[in-house]
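Scroll down for the structure; my scribbles are underneath it.
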Amino acid sequence: MRTNIVLIGFMGAGKTSVAKLLARKLEKKVVSSDQEIVKKTGKSIATIFTVEGEKHFRDLEKQTIAKISQRNNCIIDCGGGVVLNEENIALLKEKGTVVYLETSPEEIYERLKSETQRPLLNTAEPKQQIKKLFKDRRGLYEKAADATIVTDRKSLQMIVEEIEQFLTRRIS
Ligand code: S3P
């Protein structure tokens with residue numbers, strides 16, 4: 001039985017906040033791929049990117065997904081780049097329904113413009129970088145998704161309700 005709900009989407013899409021509220025409502029546990037990496041290494045995501053590089057981070061992310069994807073009854077809050085490796089998605093789908101939180105690049109920029117904890121956006125032109133990454137990844141998110149929920153201009157409660165409605169429709 002697929003009892004996990006897997007949240008994917010770009011940085012700033014609201015995956016972590018949605019995961020917490022959804023978990024409370026559905027009485028499931030939250031597990032975050034980034035938090036598991038931080039726990040395992042004792043380092044922040046930003047430090048891993050700066051000191052060891054993105055390739056090393058992606059290897060850690062892959063190992064982490066292999067482990068957490070096999071749990072049951074969890075809301076899995078995935079880092080935005082989890083779709084870059086299709087093995088991650090295949091594993092997550094074994095026990096989970098994948099929900100894509102779709103957010104426009106404009107809204108992502110507004111939400112993250114004063115953030116410092118997203119190493120991939122630590123560039124001179126974060127707006128351009130968001131547009132480029134979004135263009136590269138959009139198709140991957142869409143392909144992985146069992147459901148897509150548009151989050152622009154919606155409250156957390158509205159987003160969680162839409163996910164619940166999708167889950168109810170799917171069961172009945
Ligand atoms: C990343 C997203 C981040 C984190 C890392 C890389 C990405 O997670 O995993 O900085 O490649 O999109 P959030 O999506 O939770 O910000």
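Atoms within a ligand are numbered from 1 in the order they appear, just like the ligands themselves.
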Short side-chain donor-acceptor distance under 3.5 Å, Asn73 and Thr3: no
If a pair satisfies side chain to side chain donor-acceptor pair (under 3.5 Å) and one of its residues is in residues 42-54, list it, with sequence neighbours excluded. Lys43-Glu52, Ser44-Thr47, Glu54-Arg58
Would you please write out the protein residues whose heavy atoms approach any atom of ligand 1 to under 4.0 angstrom, listed by chain and number? Met11, Lys15, Asp34, Ile45, Phe49, Phe57, Arg58, Gly79, Gly80, Gly81, Arg118, Pro119, Leu120, Arg137
So, using side-chain contact (heavy atoms from CB on, under 4.5 Å) as the criterion, who are the partners of Leu112 when residues are at least two apart? Met11, Ile108, Glu115, Arg118, Leu121
For Gln70, I'd like to know if atom CD has over 12 heavy atoms of other residues, nucleotides or ligands within 6.0 Å. yes
Can you tell whether the side chains of Asp146 and Lys93 come within less than 4.0 Å, N to carboxylate O? yes
Contacts under 3.5 angstrom, residues 30-38 side chains, donor-acceptor by atom type, not counting sequence neighbours:
unit_1: Ser32; atom_1: OG; unit_2: Asp34; atom_2: N; d: 3.4
unit_1: Ser32; atom_1: OG; unit_2: Gln35; atom_2: N; d: 2.9
unit_1: Ser33; atom_1: OG; unit_2: Gly79; atom_2: N; d: 3.0
unit_1: Glu36; atom_1: OE2; unit_2: Lys39; atom_2: NZ; d: 3.0

